Amino acid sequence: MIDTFVLVIATVVAAATPLLLAATGELVVERAGVLNLGVEGMMLIGAVTGFAVTIASGHASLGIPAAALAGAATALVFAVLTLTLMANQVATGLALTIFGIGLSALMGASYVGTPVAPLPKLHLPGLSDLAVVGPLLFGHDALVYLSVALTIAVAWFLKHSHAGLVLRAVGESAESAHSIGHPVIAVRYLACLFGGAMAGLGGAFLSLSYTPMWMEGMTAGRGWIALALVVFGAWRPWRVLAGAYLFGGVTILELHVQGANGIGLPPQVFSMAPYLATVAVLTVISAGKWRGRLNAPASLGKPFRPSV
Amino acid sequence: MTFHISRRTLLAGSTATAATLALPRGARAEGPLKVAYVYVGPIGDHGYSYSHDQGRKAVEVKFADRVKVTYVENVAEGPDSERVIRQLATAGNDLVFATSFGFMNPTIRVAKQFPKVKFEHATGYQKASNVAIYNARFYEGRAVIGTIAGLMSKTGVAGYVASFPIPEVVMGINAFTLAARKVRPDMKVKVIWLNTWYDPGKEADAAKALMDGGADVLVQHVDSPATMQVAESRGAYAFGQASDMARFAPKAHLTALVNDWAPYYLERVKQALDGSWQSGDVWWGLKEGMVKLAPYNPALPENVRAAADKVKADITSGALHPFTGPIKDQKGSLRLADGQRIGDADLLKMDWFVEGVQS
């Protein structure tokens with residue numbers, strides 16, 4: 001029973017990690033006032049690059065940074081188009097997703113059907129061997145820990161660092177930030193690159209750990225869930241973390257309910273649950289005294305052209 | 001005198017012209033035959049769409065200059081597919097293969113508007129004068145892998161990663177379960193529905209959930225090799241789907257249910273070329289080679305191979321029908337009396353599970 005529980009939790013962690021990585025990246029992008037809907041495309045490009053570099057070099061330790069770089073490079077395209085050339089962010093983001101789906105399929109065509117060794121689980125002598133707690137906390141691969149560490153770092157950065165304050169100012173009111181001398185466009189560029197890198201890491205987790213292989217369109221909509229998670233988490237890193245694990249947990253729970261048989265609820269109810277929860281959370285935080293906590297960056301999605 | 005052309009007279013006129021201009025059978029217009037394929041997934045899925053694309057390649061190789069073959073992949077079932085199929089018909093294709101169940105209604109609708117274009121729809125049940133249907137008796141292969149699963153399982157629980165509860169999938173689950181219980185009467189088959197044909201992550205999650213529930217043999221009716229990988233990493237057995245997936249799971253992969261559409265595609269394209277194409281209804285299986293099994297895993301014990309080969313040979317010869325009574329349903333009531341066989345019509349609308357299925 002305990003063993004099963006540990007295995008189930010490990011599955012939930014795996015389901016949540018790519019969502020957490022991509023959503024935390026997008027959170028930073030949106031807190032800087034930019035809406036990048038291209039998460040799905042950036043994840044796919046990260047997934048295929050991470051996979052290809054790992055196969056070519058034989059080291060996932062090279063594949064993972066390469067995935068982040070590829071994600072950032074894809075985001076750079078978006079940033080140039082929307083920040084420098086002032087293209088519409090929504091349209092450009094959607095185009096980026098479609099572009100990413102196609103480009104990743106092209107890049108990955110020769111890797112289809114190639115297996116790769118999954119990322120090794122970290123083994124900490126002593127800790128990993130503890131009963132229950134060991135496999136639960138110390139039995140995952142590096143990207144899982146990286147995703148949590150990066151979320152903590154982002155939370156700290158946004159709340160406690162000067163640069164984080166500048167980034168939030170840029171997202172709340174680009175004009176004000178500009179008028180007191182902050183480089184709005186530069187900050188937004190950096191935020192976009194970070195978001196792309198995180199999406200790339202999320203993709204690499206899919207192709208190197210979750211299902212260690214390359215398949216066209218293997219993100220299967222996770223980029224869109226990551227976008228929803230940012231809203232669900234009201235643009236706060238901790239809530240995004242909780243949301244990612246909740247989404248992951250509910251998807252896995254649905255499968256277990258089906259496997260267990262005999263529970264009266266149809267599985268479709270569980271498939272709907274995360275989305276119902278998103279709607280419910282949005283309704284609650286948008287209404288009445290909670291309203292102030294919705295926290296959407298005031299300049300989100302608005303292009304900014306420096307007046308001087 | 002004025003001519004009044006209404007939409008109706010115009011249409012009537014054009015139909016009449018089309019009729020008089022209609023070429024005699026066998027005399028096709030000049031130029032290569034234009035053939036198009038519509039796939040539900042990416043051809044790189046290494047599963048279902050991949051297997052159809054192997055068939056397309058065979059057509060290209062065999063007929064070379066006499067055909068011009070195109071394909072569209074990743075076409076969502078439903079309205080989007082109607083747009084794609086109509087586009088292909090408009091583009092002057094002579095023969096269109098719509099390869100997924102959910103393309104059925106769109107194909108029928110487009111076929112009405114393009115009576116001269118020949119359509120072929122895979123795994124559906126609606127026919128028209130210019131829409132032929134074709135399908136493979138996958139359940140025959142599933143009876144073979146069910147036999148292997150029953151003999152190889154230690155826990156007596158098999159896990160089934162399933163896509164949509166349509167007759168095609170339901171009859172596969174039933175054939176698998178019946179065969180497994182024939183060699184191991186207490187065998188249980190747990191089913192998880194994903195409501196998608198293709199989502200590697202979710203397929204892997206379902207496979208893990210099934211193993212957590214006690215399954216030590218996994219079967220899938222979804223398209224990616226994710227289930228294979230889970231079985232490999234957790235020490236279970238699994239069966240590939242649509243193509244040989246052994247490279248993803250050298251230890252876990254016992255055999256695979258392989259679709260070989262090439263013989264059918266070659267024949268139909270040949271008929272379209274020489275003018276003998278007619279609408280039809282084909283349901284081929286092990287005997288015709290449309291359903292095959294990948295080479296067994298070298299580690300598969302001799303007695304299991306023998307049992308599997310026997311089932312395969314008996315189905316091929318017609319001595320064995322996977323759905324032969326007595327068959328009880330999930331609730332334990334008798335559905336089919338001793339010795340009776342389920343007819344094709346009943347198989348194609350199967351909506352109940354046999355005893356031993358947990359869904």
Side-chain angles (χ1 to χ4, degrees), chain A residues 1 3-12 14-15 17-19 47-48 101-102 104-106 108-118 121 205-207 209-222 225 248 251-262 266-268 271, chain B residues 39 41-47 49-50 73-74 157 159-162 165 188-215 223-230 232-234 243-250 253 330 357-359:
Chain A
M1 188 63 210
D3 288 350
T4 311
F5 175 72
V6 168
L7 285 169
V8 172
I9 297 299
T11 321
V12 172
T17 299
L19 300 177
V48 71
I101 292 172
S104 62
L106 181 69
S110 59
Y111 293 102
V112 169
T114 314
V116 67
K121 308 278 179 226
F205 181 79
L206 288 175
S207 66
S209 171
Y210 200 10
T211 50
M213 59 181 162
W214 164 251
M215 292 269 140
E216 279 183 53
M218 68 186 298
T219 48
R222 283 179 183 77
I225 297 180
T251 23
I252 302 303
L253 186 66
E254 178 217 335
L255 301 173
H256 278 272
V257 166
Q258 289 197 46
N261 189 39
Q268 286 85 347
S271 316
Chain B
Y39 305 133
I43 56 170
D45 67 0
H46 240 262
S49 295
Y50 170 85
E73 55 181 337
N74 279 323
V157 182
Y160 211 114
V161 183
K188 287 192 185 68
V189 179
K190 292 193 175 186
V191 183
I192 290 185
W193 300 98
L194 295 185
N195 291 312
T196 176
W197 290 110
Y198 178 72
D199 179 342
K202 213 171 169 191
E203 292 169 30
D205 291 340
K208 289 175 194 165
L210 286 164
M211 288 196 64
D212 294 342
D223 293 345
S224 94
T227 304
M228 298 288 118
Q229 293 186 319
V230 170
E232 183 80 2
S233 68
R234 291 211 185 174
S243 68
D244 191 334
M245 294 177 170
R247 72 180 91 172
F248 288 99
H253 185 275
Q330 255 176 326
V357 177
Q358 295 188 356
S359 171

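Chain letters run A, B, ... following the sequence lines, proteins first and then strands; every chain starts at 1. Below, all heavy atoms of this structure are taken into account, side chains as well, without hydrogens, waters or symmetry copies. Just so it is clear, the structure is predicted and the values come from calculations on it, not from any experiment.
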Can you give me the closest heavy-atom contact between [X] and [Y], atom names plus distance?
X: A:Thr211; Y: B:Ala204; answer: CG2-CB, 3.7 Å
X: A:Tyr210; Y: B:Gly201; answer: OH-O, 3.6 Å
X: A:Pro115; Y: B:Phe248; answer: CB-CD2, 4.2 Å

Query raised in the report: Which bit of B:Glu73 is near chain A, if near means a heavy-atom gap under 4.5 Å: side chain, backbone, both or neither?
Result: side chain

[Y] and [X], any side-chain heavy atoms less than 4.5 Å apart:
X: B:Ser224; Y: A:Met213; answer: yes
X: A:Leu7; Y: B:Met211; answer: no
X: A:Leu255; Y: B:Leu194; answer: yes
X: B:Asp212; Y: A:Thr11; answer: yes
X: A:Glu254; Y: B:Lys202; answer: yes

Query raised in the report: Using a cut-off of under 4.5 Å for heavy-atom pairs, which of A:Ala15, A:Ala10, A:Ala220 has the most such pairs with chain B?
Result: A:Ala220

Report task. Could you tell me which of B:Gly159, B:Gly214, B:Gly213, B:Pro200 has the largest number of non-hydrogen atom pairs under 4.5 Å with chain A? Result -> B:Pro200

**Report entry** Contact class of A:Pro212 relative to chain B, heavy atoms under 4.5 angstrom
**Finding:** both

Requested in this report: Rounded to the nearest 0.5 Å, what's the gap from OG on B:Ser49 to CD on A:Glu216? Could you check?
Outcome: 9.5 Å

